[in-house]
Amino acid sequence: MNIEQHIVTKTVEAVKSLYSQDLPEAQVNLQDTRSEFEGQITLVVFPVVRFSKKSPEVTATELGEYLQANVDEITGFNVVKGFLNLSVANAHWVDLFNTTILRPDFGTIPANGKKVMVEYSSPNTNKPLHLGHVRNNLLGYSVSELLKASGSEVYKVNLVNDRGIHICKSMLAWQKWGNGETPESAGIKGDHLVGKYYVIFDKEYKKEIEALKQEGQTEEEAKKNAPLIKAAQAMLLAWEAGDDEVISLWKTMNTWVYDGFEVTYKNLGVDFDKFYYESNTYLLGKDTVEEGLASGVFYKKEDGSVWIDLTADGLDQKLVLRADGTSVYITQDLGTAQMKQDDFELDESIYVVGNEQDYHFKVLFLILEKLGKSWAKGLYHLSYGMVDLPSGKMKSREGTVVDADDLIAEMVATAKEKTEALGKVDRFSEEEKEQLYFNIGMGALKYFLLKVEPKKRLLFDPAESIDFQGNTGPFIQYTHARIKSLLLKADFREDQRVDNQIPLSATELEMIILLAKYPAEIASAAKSFSPASLANYIYEVAKMFNKFYHEVPPIVKEEDQQLKQLRLNLSWVTANILKSGTRILGIEVPERM
RNA sequence: GCAUCCAUAGCUCAGCUGGAUAGAGCAACGGUUUUCUAAACCGUAGGUCAUAGGUUCGAAUCCUAUUGGGUGUACCA
């Protein structure tokens with residue numbers, strides 16, 4: 001039993017013994033003692049006052065005396081207002097360190113038997129990935145890793161939006177103005193090449209709209225009547241009809257895009273267990289609609305369209321099937337949700353999708369619940385905020401989009417520049433250097449994007465490069481490398497335990513308490529789907545180590561073997577936590593830098 | 001209009017189910033290297049937690065209203 005739980009139990013006992021009252025455990029409020037006071041664990045006594053019917057100070061003192069007398073580990077206490085600060089014996093902390101934290105499996109959480117799907121990335125195939133997608137990908141990947149670390153079995157899936165009017169636009173523009181250009185002939189990454197034609201389409205389309213407006217049409221009419229958009233719509237129909245030529249072009253261009261995405265995904269370090277393609281799922285969901293009609297959850301209007309009335313739940317009426325019998329977005333998602341469930345028998349299913357779709361998912365989940373799907377309660381929309389530029393939103397048409405590939409290249413280049421300026425890589429081979437620059441650049445980028453709570457908007461200033469100092473990825477990477485170097489120099493052996501009577505400095509004690517929290521941090525970060533909270537914890541650990549490192553005399557030269565071993569053990573655990581913690585964030589920590 | 005999310009230091013962000021004097025980083029200023037990697041460490045300065053009420057022994061945190069901003073409200077996806 002850990003010390004906190006023990007104190008809770010004994011506090012309840014104390015209230016019974018001192019005041020003959022039954023104190024619910026939930027009323028026992030423990031927190032870390034603030035560093036300016038003596039002690040490590042603080043009991044907030046205000047909730048107990050109702051039971052003791054005495055002043056906070058008196059209650060705290062009486063509880064303190066009881067706990068000191070009845071809990072072996074507690075060696076003393078002090079009372080500040082309504083706060084009872086408890087001092088726990090050093091020996092207890094050293095024991096905790098030796099028996100729990102130093103175990104090789106520290107930080108691993110046993111399997112919980114839950115099967116969880118995380119759907120993320122889900123790109124359109126008409127243009128390359130940008131910064132918004134980068135946030136999505138990093139978030140989806142690290143949430144998956146987080147859930148794995150907390151004991152779940154995780155399936156990462158990517159639902160690719162490979163069909164529809166958007167890809168037809170690129171195809172059409174390529175047909176008209178492409179002159180047979182290919183990624184090879186143009187020397188352009190496939191996704192960028194297809195994106196180029198998407199932009200051309202848009203430009204030419206706008207010209208046509210202008211021309212029609214000159215002829216007296218309204219903006220709305222012009223948008224509908226422009227020959228290009230009509231041609232794109234015709235192409236979509238041809239695609240749905242299975243027209244050989246269109247399908248062949250579609251396959252070719254999608255292949256270009258996938259080749260391009262593969263490179264970006266590889267650089268981002270993300271992966272998937274399964275791909276779903278909308279070209280395979282877009283007809284899905286009609287069975288579900290039938291099901292809903294049969295059970296009376298849906299109703300049919302005179303024109304044949306199918307609806308659900310959600311006004312009783314504070315939402316709107318929602319169309320689930322068009323009058324002509326074709327699917328809309330939500331029809332498809334109903335079907336896809338069912339398919340995922342049939343494929344994997346999931347306990348939970350996470351959708352990593354931006355917050356502009358909050359309403360859509362609210363509706364989707366509610367409908368599935370109303371259809372009586374038992375698994376609907378396991379669905380969760382991990383909604384994240386947009387990435388803003390100082391000028392506001394990213395807009396592809398205004399050319400203010402931060403391209404993912406460009407950004408990655410810039411981050412690596414900056415990492416190279418900064419590293420070379422520090423002059424620490426003389427003994428690295430060229431290959432090692434490239435690897436290091438890549439890891440540092442991506443570490444800076446990933447940490448920058450992941451340290452912010454998912455649901456918050458995130459500001460990115462392209463003019464100001466991402467920091468490499470302070471609360472950053474490279475700071476954590478540097479701390480890790482530094483520890484590795486220290487362990488190497490000190491001939492560290494990991495199987496040595498020190499005597500629990502060893503004296504601890506304030507920082508060493510604080511470190512043990514912080515390190516001990518790692519498993520709980522993973523669990524709570526996983527529970528709230530928040531890599532950000534884990535990132536902040538890892539930063540605290542790195543910061544704490546640096547403080548410790550500066551305070552103690554050179555460990556390598558320490559003559560007291562017990563003290564030396566203790567400090568090396570602390571360093572070793574810190575490095576392990578930094579490594580496995582950043583691993584969950586998708587960040588690589590180098591052995592030296 | 002309705003729905004929903006957000007508002008904390010000059011800037012970017014933390015702040016757990018309400019708990020002590022609201023914390024970091026960057027930027028600014030000052031200091032630390034004959035000592036294990038200075039991408040580090042220590043210090044100074046910087047706040048009416050958007051505003052006004054309310055609940056509470058106690059509110060950045062919960063409730064209400066207001067202000068400002070984002071997003072959504074398609075037989076688009």
Side-chain angles (χ1 to χ4, degrees), chain A residues 26 29 31 33-34 36-37 42 44-47 49-50 55-56 80-83 85 122 124 161 163-166 278 282 301 303 305-307 314-316 319-324 326-333 354-360 362 383 385-386 388 392-393 415 418-419 421-422 424 440 444 448 451-453 455-461 464 466-479 481-490 520-521 524 528 532-533 535-536 539-540 542-543 545-558 567 571 592-593:
Chain A
N29 189 343
Q31 55 185 250
T33 302
R34 295 175 65 113
E36 61 262 39
F37 302 112
T42 291
V44 184
V45 300
F46 294 107
V49 170
R50 280 202 354 252
S55 74
V80 180
K81 294 193 240 173
F83 298 88
N85 301 319
S122 306
N124 290 348
N161 186 4
R163 68 166 281 280
I165 193 77
H166 53 84
E278 289 206 7
Y282 82 106
K301 282 193 179 173
D303 64 0
S305 58
V306 181
W307 296 73
L315 304 176
D316 301 317
L319 174 97
V320 293
L321 196 69
R322 289 194 188 103
D324 64 7
T326 57
S327 300
V328 290
Y329 182 41
I330 200 146
T331 323
Q332 221 179 111
D333 269 3
N355 63 9
E356 70 272 14
Q357 295 197 37
D358 284 355
Y359 184 76
H360 172 75
K362 211 176 195 178
S383 164
M386 323 202 130
D388 287 322
K393 273 182 73 167
K418 299 212 182 224
T419 308
L422 289 170
K424 293 182 181 181
I440 294 174
F448 179 82
K451 76 170 182 189
V452 180
E453 272 307 313
K455 89 171 178 186
K456 299 239 182 146
R457 298 166 48 187
L458 194 148
L459 188 83
F460 177 81
D461 188 347
E464 225 173 290
I466 293 173
D467 276 323
F468 284 63
Q469 283 170 355
N471 188 358
T472 67
F475 170 84
I476 294 161
Q477 291 172 315
Y478 172 72
T479 305
R482 204 185 209 191
I483 297 173
K484 281 323 201 43
S485 156
L486 164 66
L487 295 175
L488 211 62
K489 284 194 176 149
E521 288 292 336
S524 82
S528 54
S533 73
N536 281 305
Y539 170 64
E540 291 296 324
K543 207 164 53 147
F545 175 82
N546 282 306
K547 181 183 174 181
F548 157 81
Y549 185 81
H550 274 265
E551 269 177 20
V552 299
I555 298 168
V556 174
K557 295 179 185 160
E558 179 59 55
R567 290 176 177 164
S571 305
R592 53 192 188 124
M593 71 183 267

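Reminder, nothing fancy here: chain letters follow the sequence lines and each chain counts from 1.
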Over how many whole Å does the gap from [X] atom [atom1] to [N] atom [atom2] extend?
X	N	atom1	atom2	answer
A:Asp461	B:rC26	CG	C1'	13 Å
A:Asn546	B:rU32	CG	P	20 Å
A:Phe37	B:rA20	CZ	P	10 Å
A:Arg592	B:rU37	CZ	C1'	12 Å
A:His550	B:rG43	NE2	P	13 Å
A:Lys362	B:rC5	NZ	P	7 Å
A:Leu486	B:rA40	CG	C1'	14 Å
A:Asp467	B:rA27	CG	C1'	10 Å

Residues in side-chain hydrogen bond (donor to acceptor under 3.5 Å, both in side chains) with [X], at least two apart?
X	answer
A:Lys362	none
A:Tyr478	A:Arg482
A:Tyr549	none
A:Tyr282	none

Look at all strands and tell whether [X] reaches a base, only sugar-phosphate, or nothing, counting heavy atoms closer than 4.0 Å.
X	value
A:Val49	nothing
A:Asn85	base
A:Lys489	sugar-phosphate

How would you list, by chain and number, every residue that makes a side chain to side chain contact (heavy atoms under 4.5 Å, CB included) with [X], sequence neighbours excluded?
X	value
A:Ser485	A:Lys489
A:Ala481	A:Met593
A:Pro47	A:Gln27, A:Val44

[atom1] atoms of [N] and [M], separation to the nearest Å:
N	M	atom1	value
B:rA7	B:rU12	P	13 Å
B:rG72	B:rG10	C1'	33 Å
B:rG47	B:rC76	C1'	46 Å

Contact letters for nucleotides 72-77 of chain B, in which S counts primed atoms plus P, OP1 and OP2 and B counts the base, heavy atoms under 4.0 Å: SS-BSB

Heavy-atom protein contacts under 4.0 Å, nucleotides 10-19 of chain B, coded B base, S sugar-phosphate only, - none: --SSS----B

Donor-acceptor pair present, A:Lys557 side chain and B:rU35 base, under 3.5 Å: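 Between B:rU35 and A:Lys557, which were checked side chain against base, a qualifying N/O pair under 3.5 Å is absent.
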
Quiz item: A:Thr479 side-chain donor-acceptor pair to B:rA40 base, under 3.5 Å: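 Checked by distance alone, the answer is no.
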
Given RNA chain B, 5'-ward residue of the pair A:Thr42 and A:Ala481, judged by closest heavy atom: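 Residue closer to the 5' terminus by nearest nucleotide: A:Thr42.
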
Centroid under 5.5 Å and tilt under 30°, A:Phe475 to B:rA40: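 The ring of A:Phe475 is not stacked on B:rA40.
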
From B:rA39, B:rA20, B:rA38, nucleotide with atom closest to A:Gln469 side chain: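 Of the candidates, B:rA39 comes closest.
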
Nucleotide nearest A:Lys455 (side chain, heavy atoms from C-beta), chosen from B:rU21, B:rC5, B:rA24: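 Within the option list, the nearest is B:rC5.
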
Phosphate OP1/OP2 of B:rC36: any A:Lys484 side-chain N/O under 4.0 Å: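 Looking at the OP1 and OP2 atoms of B:rC36, neither is under 4.0 Å from any side-chain N or O of A:Lys484.
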
Structure string for RNA chain B in dot-bracket form, Watson-Crick and G-U at under 3.5 Å, | interchain: (((((((..((((.....[...)))).(((((.......))))).....(((((..]....))))))))))))....

A:Thr472 to A:Asp467 - nearest heavy-atom pair and separation: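 For A:Thr472 and A:Asp467, the tightest heavy-atom pair comes out as CG2-O, 3.5 Å.
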
Steps toward side chain to side chain contact (heavy atoms under 4.5 Å, CB included) verdict (A:Thr42, A:Phe37): CA-CA 10 Å; A:Thr42 291; A:Phe37 302 112; over 6 Å; no

Note, A:Lys455 side chain near A:Asn355 side chain (heavy atom, < 4.5 Å):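 Heavy-atom side-chain distance check fails, nothing below 4.5 Å.
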
Contacts of A:Phe83 that satisfy ring pair (Phe, Tyr, Trp, His ring centres under 6.0 Å) - sequence neighbours left out: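 For A:Phe83, the residues satisfying ring pair (Phe, Tyr, Trp, His ring centres under 6.0 Å) (neighbours in sequence not counted) are A:Phe46.
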
Below 3.5 Å is the cut-off: list the nitrogen or oxygen pairs between protein and nucleotides 29-31 of chain B, distance only.
none

